Amino acid sequence: MQGSQDDESSKQATLPPALYVVATPIGHLGDMSLRALWTLSQVDAVLCEDTRVTGGLLHHYGLKKPLLSCHDHNEASRSLEVMARLAAGERLALVSDAGTPLISDPGFRLVRACRQAGHAVIALPGASAVLTALASSGLPTDRFLFVGFLPVKTKARQQALKEIADVQATLVFYESAQRLAATLTDMVAVLSGTRRATIARELTKLHEDVVTAPLAELAARYGEADAPPKGEIVILVEAGEEQMLSDEAIDQALREALKTLSVRDAAASVAAALGLKKTATYQKALNLVENDA
Ligand code: SAM
């Protein structure tokens, strides 16, 4: 049975040399997996963003390990040391302050360097705010785009939102409580206030709060509050209505363009404006010219 095989492998006496990417809880300390605990108990050292945070977490589970800081500022130099240690047969774990490393957290450059050098990298799944928020939101989960943190400045944030406005998938963002109101205002302006959205706050924690409503309602609610909400936040936005253009609408745009442009230019300009395929639009324009002649 698959289950018993897995039980056996988790009991193996020695952990093979590798970089173990270990997810830790995003709030509720009960969300640490048994495999994560066992792996952390076996490794030679733990790479972490903040040694105080991870030291405290390990202490909670009765573990004590040498800790090596690994963050955005020293990831490149740390990678060399990690690879030398892996080459010497060590077993190392990478964790972040909370959740899954590499997901809006450091680790990507380290994992890529290890893989390129031919070292084993083994990821242990566990908590991550993106999937936890998605699973509790009630928004469609069949297709989603994880955007992570948006730019902090309004102009850049609005531009980033414009680029993904038409994506036919649930959009998932990480955001700080301080910027929530400003980001929601930009989302209403760029994505429209009628799109359904979810604010998932303090997931897995005591004051977990998941609210789904049209974007305009959420912007009003969090914009009017005297103080920003407390805690950590994921924003999810349902895909917008797909812009289905009728054949008549395309023909009308082409007829208008053909008044002043050649068939080729009219087709190119309409295809660009409406996001259509160039060749098919050119064929449509040709048919129109022939039929109207
Ligand atoms: N690596 C983490 C993960 O796997 O989710 C994310 C790290 S990122 C630096 C931190 C952001 O994740 C927070 O600003 C917030 O947007 C989101 N987040 C983390 N924990 C959360 C929680 N318990 N509830 C809601 N959002 C959370």
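Because the structure is predicted, anything quoted here is derived from the model rather than measured.
- Hydrophobic clustering of Ile, Leu, Val, Met, Phe, Trp and Tyr side chains at less than 4.5 Å, counting indirect connections, keeps Leu184 apart from Val172.
- Note that the OG1 atom of Thr39 and the CG atom of Leu34 stand 10.5 Å from one another [nearest 0.5 Å].
- Put simply, the side chain of Glu49 reaches to within 4.5 Å of the side chain of Asp105, judged on heavy atoms.
- Residues Leu47 and Leu19 meet the side-chain proximity criterion, which asks for heavy atoms closer than 4.5 Å.
- Checking side-chain atoms of Glu90 against main-chain N and O of Val43 turns up no donor-acceptor pair under 3.5 Å.
- Hydrophobic clustering places Leu180 together with Val237 (ILVMFWY residues linked when any side-chain heavy atoms are closer than 4.5 Å, directly or through intermediates).
- Distance check: Leu94 CG to Ile122 CD1 gives 13.5 Å after rounding to the nearest 0.5 Å.
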Margin query: I'd like to know whether Glu256 forms a side chain to side chain donor-acceptor pair (under 3.5 Å) with Gln252, so could you lay out the CA-CA distance, the side-chain angles of the two residues, the decisive distance to 0.1 Å, and finally the verdict.
Written below: CA-CA 6 Å; Glu256 207 50 45; Gln252 197 181 334; 5.9 Å; no
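- Formation of a donor-acceptor pair under 3.5 Å by the Gln42 side chain with backbone atoms of Leu15 is not found in this model.
- In this structure a side-chain-to-backbone donor-acceptor pair under 3.5 Å is present from Thr212 to Ser137.
- Put simply, the side chain of Tyr282 never gets that close to the backbone of Ala266: no donor and acceptor are under 3.5 Å apart.
- Put simply, the side chain of Val211 reaches to within 4.5 Å of the side chain of Asp209, judged on heavy atoms.
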Check: His71 and Ser69: side-chain contact (heavy atoms from CB on, under 4.5 Å), yes or no, with the steps?
Finding: CA-CA 6 Å; His71 41 68; Ser69 71; 3.9 Å; yes
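- Shown here for Ala160 and Pro151, the closest heavy-atom pair between the two residues is CB-CD, 3.9 Å.
- The backbone N or O of Ile235 lies less than 3.5 Å from no partner atom in the side chain of Tyr174, so there is not a single donor-acceptor pair.
- Atoms CE and CG, from Met187 and Leu218 in turn, are 10.0 Å apart once rounded to the nearest 0.5 Å.
- Thr204 contributes a side-chain N or O that, together with a main-chain N or O of His28, makes up a donor-acceptor pair within less than 3.5 Å.
- Linking ILVMFWY residues whenever their side-chain heavy atoms come closer than 4.5 Å, directly or via other members, leaves Leu134 and Ile164 in distinct clusters.
- Following chains of ILVMFWY side-chain contacts shorter than 4.5 Å, one can reach Val147 starting from Ile199, so the two form part of one hydrophobic cluster.
- When atom types are taken as modelled, the side chain of Arg91 and the backbone of Asp44 share no donor-acceptor pair closer than 3.5 angstrom.
- Taking the side chain as every heavy atom from C-beta outward, Leu86 and Leu92 approach each other to under 4.5 Å.
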Item checked: Test log, rule side-chain contact (heavy atoms from CB on, under 4.5 Å), inputs Thr185 and Tyr222 -> CA-CA 10 Å; Thr185 303; Tyr222 291 102; over 6 Å; no
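- Between the side chain of Gln158 and the backbone N or O of Val190 there is no donor-acceptor pair closer than 3.5 Å.
- Contact check for Thr194 versus Pro214: no side-chain heavy atoms found under the 4.5 Å cut-off.
- In summary, of the residues considered (Leu67, Thr51, Leu63, Val22), a side-chain contact (heavy atoms from CB on, under 4.5 Å) with Val46 occurs for Leu67 alone.
- Enclosure of atom NE2 in His60 by more than 12 non-hydrogen atoms of other residues, nucleotides or ligands within 6.0 angstrom is indicated.
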Check: Please walk me through it: do Glu163 and Gln159 pass side-chain contact (heavy atoms from CB on, under 4.5 Å)?
Finding: CA-CA 6 Å; Glu163 283 163 19; Gln159 183 54 37; 3.2 Å; yes
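- Side-chain N or O atoms of Thr170 include one that pairs as donor or acceptor with a backbone N or O of Pro140 at under 3.5 Å.
- With rounding to the nearest 0.5 Å, the separation of SG in Cys70 from CZ in Arg78 is 7.0 Å.
- The two residues Ala177 and Ile233 make their nearest non-hydrogen contact at CA-CD1, 3.8 Å.
- Asp247 and Lys284 are joined by a salt bridge, as a carboxylate oxygen and a charged side-chain nitrogen come within less than 4.0 angstrom of each other.
- In this structure, Val167 and Phe144 have side chains that are not in contact, with every pair of non-hydrogen atoms separated by 4.5 Å or more.
- In this structure the side chain of Pro106 never reaches within 4.5 angstrom of the side chain of Leu110, judged on heavy atoms.
- A donor-acceptor pair is defined here as one N or O able to donate and one able to accept, closer than 3.5 Å; such a pair exists between the side chain of Arg115 and the backbone of Val121.
- A single hydrophobic cluster is not seen to contain both Val53 and Leu102; linkage of ILVMFWY side chains at heavy-atom distances under 4.5 Å, directly or through other members, places them apart.
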Next item on the list: Apply the test side-chain contact (heavy atoms from CB on, under 4.5 Å) to residues Ser77 and Asn74: give CA-CA distance (whole Å), side-chain angles for both, the deciding distance (0.1 Å), then the verdict.
Entry: CA-CA 6 Å; Ser77 58; Asn74 73 349; 4.0 Å; yes
Next item on the list: Go through the steps to decide whether Phe173 and Phe146 satisfy the test ring-ring contact (aromatic ring centres under 6.0 Å, His included), and finish with yes or no.
Entry: CA-CA 6 Å; Phe173 306 87; Phe146 175 60; 9.0 Å; no
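- Looking at Leu191 and Lys162, their side chains never come closer than 4.5 Å, going by heavy atoms from C-beta outward.
- Rounding to the nearest 0.5 angstrom, the gap separating the CD atom in Glu238 from the CG atom in Leu139 is 5.5 Å.
- Residues Ala127 and Thr100 approach most closely at O-OG1, 2.8 Å, considering heavy atoms.
- Atom CD of residue Gln116 and atom CE of residue Met83 lie 8.5 Å apart, to the nearest 0.5 angstrom.
- The two residues Ser96 and Gly99 make their nearest non-hydrogen contact at OG-O, 3.7 Å.
- Listed by chain and residue number, Lys205 satisfy the salt bridge (Lys or Arg N to Asp or Glu O under 4.0 Å) test with Glu232 (two or more places apart in sequence, or in another chain).
- With sequence neighbours excluded, the residues that form a salt bridge (Lys or Arg N to Asp or Glu O under 4.0 Å) with Arg179 are Glu175.
- Using a 4.0 Å cut-off between charged nitrogen and carboxylate oxygen, Glu81 and Arg85 count as a salt-bridge pair.
- Taking all atoms of both residues into account, the shortest heavy-atom contact from Leu258 to Ala285 is CD1-O, 4.3 Å.
- The two residues Arg143 and Gln168 come nearest to each other via the heavy atoms NH1-O, 3.1 Å.
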